[in-house]
K.L.:
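To start, I am sharing the structure in question, which I have written as structure tokens.
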Amino acid sequence: MLFRSPIEIGGYGLFDGTMDGSFRRPRIEGRFTGEQMKAFDVVWGAATGDVVIENSYANVNDVVIRKGDGTIITNGRYSLGFPRRDGGEEINSIVRLINWPMVDLKHAFELDDYDVDGQFSGEFHVYDKYLEPFGFGTMAIVNGVAYGEKFETAQAGVRLEGEGVRLDNIAVSKGGGR
């Protein structure tokens, strides 16, 4: 399962900011730009955004990740470790994906065995624990293939329910049919 061991992160870039407070409990604030950003064994591409790191949280604003025709935009709070000693929330974020290749998402979340491909878009509010998140949103896949069957679009509402995911009102379109 995702996040069971340390996450290897790679890439290169620039951080321009300030650090206040003590070395034991710093507050770091600034803007970052990065290239070839890698995490969860996936190269995500170029990234920019604003971040405040404090109390073992990264509070991010206007983070934009781009790769090919795909874009991910996120704003929110991410714990830099888990489970948190203070019992605090590990994630509380809005994530928007636009035309992102499903192959990357499947690999990052260890779902490679699911025979579904296409360009993924969606918007989600994800909160609580990393391994058992709660949240809600919508998703769409265009130019998709599921288990060898091509389709034009698939859309659904999404509910993250801790240990599982629920898809609501799934609608798949192919050749004028739905």
Side-chain angles (χ1 to χ4, degrees), residues 1-4 7-13 32-51 58 60-78 90-178:
M1 177 100 200
L2 183 65
F3 296 128
R4 296 258 185 236
I7 302 165
E8 182 181 329
I9 297 176
Y12 60 92
F32 68 88
T33 59
E35 298 291 332
Q36 298 298 310
M37 302 307 296
K38 182 179 179 178
F40 310 110
D41 198 33
V42 172
V43 176
W44 297 96
T48 61
D50 298 311
V51 64
V60 302
N61 286 305
D62 301 322
V63 171
V64 178
I65 303 165
R66 295 187 194 282
K67 179 176 166 182
D69 293 333
T71 303
I72 298 174
I73 302 166
T74 187
N75 291 281
R77 174 179 258 199
Y78 297 86
E90 295 168 3
I91 185 171
N92 191 339
S93 186
I94 304 292
V95 181
R96 184 171 178 214
L97 298 97
I98 304 163
N99 294 323
W100 203 270
M102 286 217 34
V103 66
D104 287 351
L105 302 172
K106 290 187 324 180
H107 191 68
F109 292 101
E110 298 181 0
L111 300 169
D112 296 300
D113 291 341
Y114 286 88
D115 192 10
V116 180
D117 202 0
Q119 298 301 110
F120 186 93
S121 296
E123 185 165 342
F124 307 93
H125 181 187
V126 182
Y127 57 91
D128 203 13
K129 305 287 183 204
Y130 280 134
L131 295 179
E132 296 177 342
F134 286 88
F136 54 89
T138 59
M139 59 159 276
I141 300 170
V142 297
N143 300 320
V145 178
Y147 300 94
E149 189 68 31
K150 291 183 181 181
F151 60 89
E152 293 154 6
T153 64
Q155 299 175 330
V158 177
R159 286 186 278 164
L160 303 173
E161 299 179 332
E163 293 186 6
V165 177
R166 184 180 306 263
L167 300 179
D168 297 314
N169 301 315
I170 299 170
V172 180
S173 300
K174 176 180 177 171
R178 184 173 157 144

K.L.:
To the nearest 0.5 Å, how far apart are CD1 in I91 and CG in L131?
P.N.:
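Reported value, rounded in 0.5 Å steps: 11.0 Å.
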K.L.:
Would you check, one step at a time, whether the test side chain to side chain contact (heavy atoms under 4.5 Å, CB included) holds for D128 with L160?
P.N.:
CA-CA 11 Å; D128 203 13; L160 303 173; over 6 Å; no
K.L.:
Is the count of non-hydrogen atoms from other residues, nucleotides or ligands lying under 6.0 Å from F134 atom CZ greater than 12?
P.N.:
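Count over threshold, so yes.
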K.L.:
Decide if atom CG of D69 counts as having more than 12 heavy atoms of other residues, nucleotides or ligands within a radius under 6.0 Å.
P.N.:
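Not more than 12 within 6.0 Å, no.
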K.L.:
When you measure from the side chain of E123 to the backbone N and O of T138, does any donor-acceptor pair fall under 3.5 Å?
P.N.:
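Flag not set: sc E123 to bb T138 has no pair under 3.5 Å.
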K.L.:
Would you say CG of D112 has more than 12 non-hydrogen atoms from neighbouring residues, nucleotides or ligands within 6.0 angstrom?
P.N.:
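Enclosed.
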K.L.:
So do the side chains of F151 and I141 get within less than 4.5 Å of each other, counting heavy atoms only?
P.N.:
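Yes, their side chains come closer than 4.5 Å.
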K.L.:
Can you name the closest pair of heavy atoms from G137 and F124 and give their distance?
P.N.:
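Here G137 and F124 meet closest at CA-CD2, 4.0 Å.
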K.L.:
How far apart are the C-alpha atoms of S173 and R178, what are their side-chain angles, what is the distance that settles it, and do they pass the side chain to side chain donor-acceptor pair (under 3.5 Å) test?
P.N.:
CA-CA 4 Å; S173 300; R178 184 173 157 144; 5.3 Å; no
K.L.:
Distance check, rounded to the nearest 0.5 Å: L167 atom CG versus R159 atom CZ?
P.N.:
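Between L167 CG and R159 CZ, I get 9.5 Å after rounding to 0.5 Å.
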K.L.:
Write down the atom of E152, the atom of G175, and the distance for their closest heavy-atom approach.
P.N.:
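For E152 versus G175, the nearest heavy atoms are OE2-N, 3.0 Å.
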K.L.:
Please find the pair of heavy atoms, one from M37 and one from A47, that lie closest to each other, and give the distance.
P.N.:
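Nearest pair, atom of M37 first, then A47: CG-CB, 3.9 Å.
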K.L.:
Tell me the closest heavy-atom pair linking V172 and A154, and the distance in Å.
P.N.:
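For V172 versus A154, the nearest heavy atoms are CG2-CB, 4.0 Å.
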K.L.:
Could you check whether any side-chain heavy atom of F40 comes within less than 4.5 Å of a side-chain heavy atom of H107, counting everything from C-beta outward?
P.N.:
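No - every pair of side-chain heavy atoms lies 4.5 Å or more apart.
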K.L.:
Does the side chain to side chain contact (heavy atoms under 4.5 Å, CB included) test come out yes or no for F120 and V142, once each step is laid out?
P.N.:
CA-CA 7 Å; F120 186 93; V142 297; over 6 Å; no
K.L.:
Looking only at non-hydrogen atoms, find the nearest pair between N75 and S93 and report the distance.
P.N.:
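Looks like O-OG, 3.1 Å.
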K.L.:
Do side-chain atoms of S121 reach the backbone of N99 as a donor and acceptor pair under 3.5 angstrom?
P.N.:
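Checking the backbone N and O of N99 against the side chain of S121, a donor-acceptor pair under 3.5 Å is found.
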K.L.:
For W44 and K67, which heavy atoms make the closest approach, and how far apart are they?
P.N.:
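Shortest heavy-atom separation between W44 and K67 comes out as O-CB, 3.2 Å.
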K.L.:
At what distance, to the nearest 0.5 angstrom, does CD of Q155 lie from CG of N169?
P.N.:
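These two atoms lie 11.0 Å from each other.
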K.L.:
Could you state the interatomic distance from CD (E90) to OH (Y78), rounded to the nearest 0.5 Å?
P.N.:
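The OH atom of Y78 is 13.5 Å from CD of E90, to the nearest 0.5 Å.
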K.L.:
If I take atom OG1 from residue T48 and atom CZ from residue R66, how far apart are they, to the nearest 0.5 angstrom?
P.N.:
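Atom-to-atom, T48:OG1 and R66:CZ are 7.0 Å apart.
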K.L.:
Can you say whether the rings of F136 and Y127 are parallel (under 30°), tilted (30 to 60°) or perpendicular (over 60°)?
P.N.:
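The arrangement is perpendicular - the two ring planes meet at more than 60°.
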K.L.:
How many angstroms lie between CD1 in I73 and CD1 in I98, if you round to the nearest 0.5 Å?
P.N.:
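The CD1 atom of I73 sits 4.5 Å away from the CD1 atom of I98.
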K.L.:
For N92 and H125: C-alpha separation, side-chain torsions, deciding distance, then whether side chain to side chain contact (heavy atoms under 4.5 Å, CB included) applies.
P.N.:
CA-CA 7 Å; N92 191 339; H125 181 187; 2.8 Å; yes
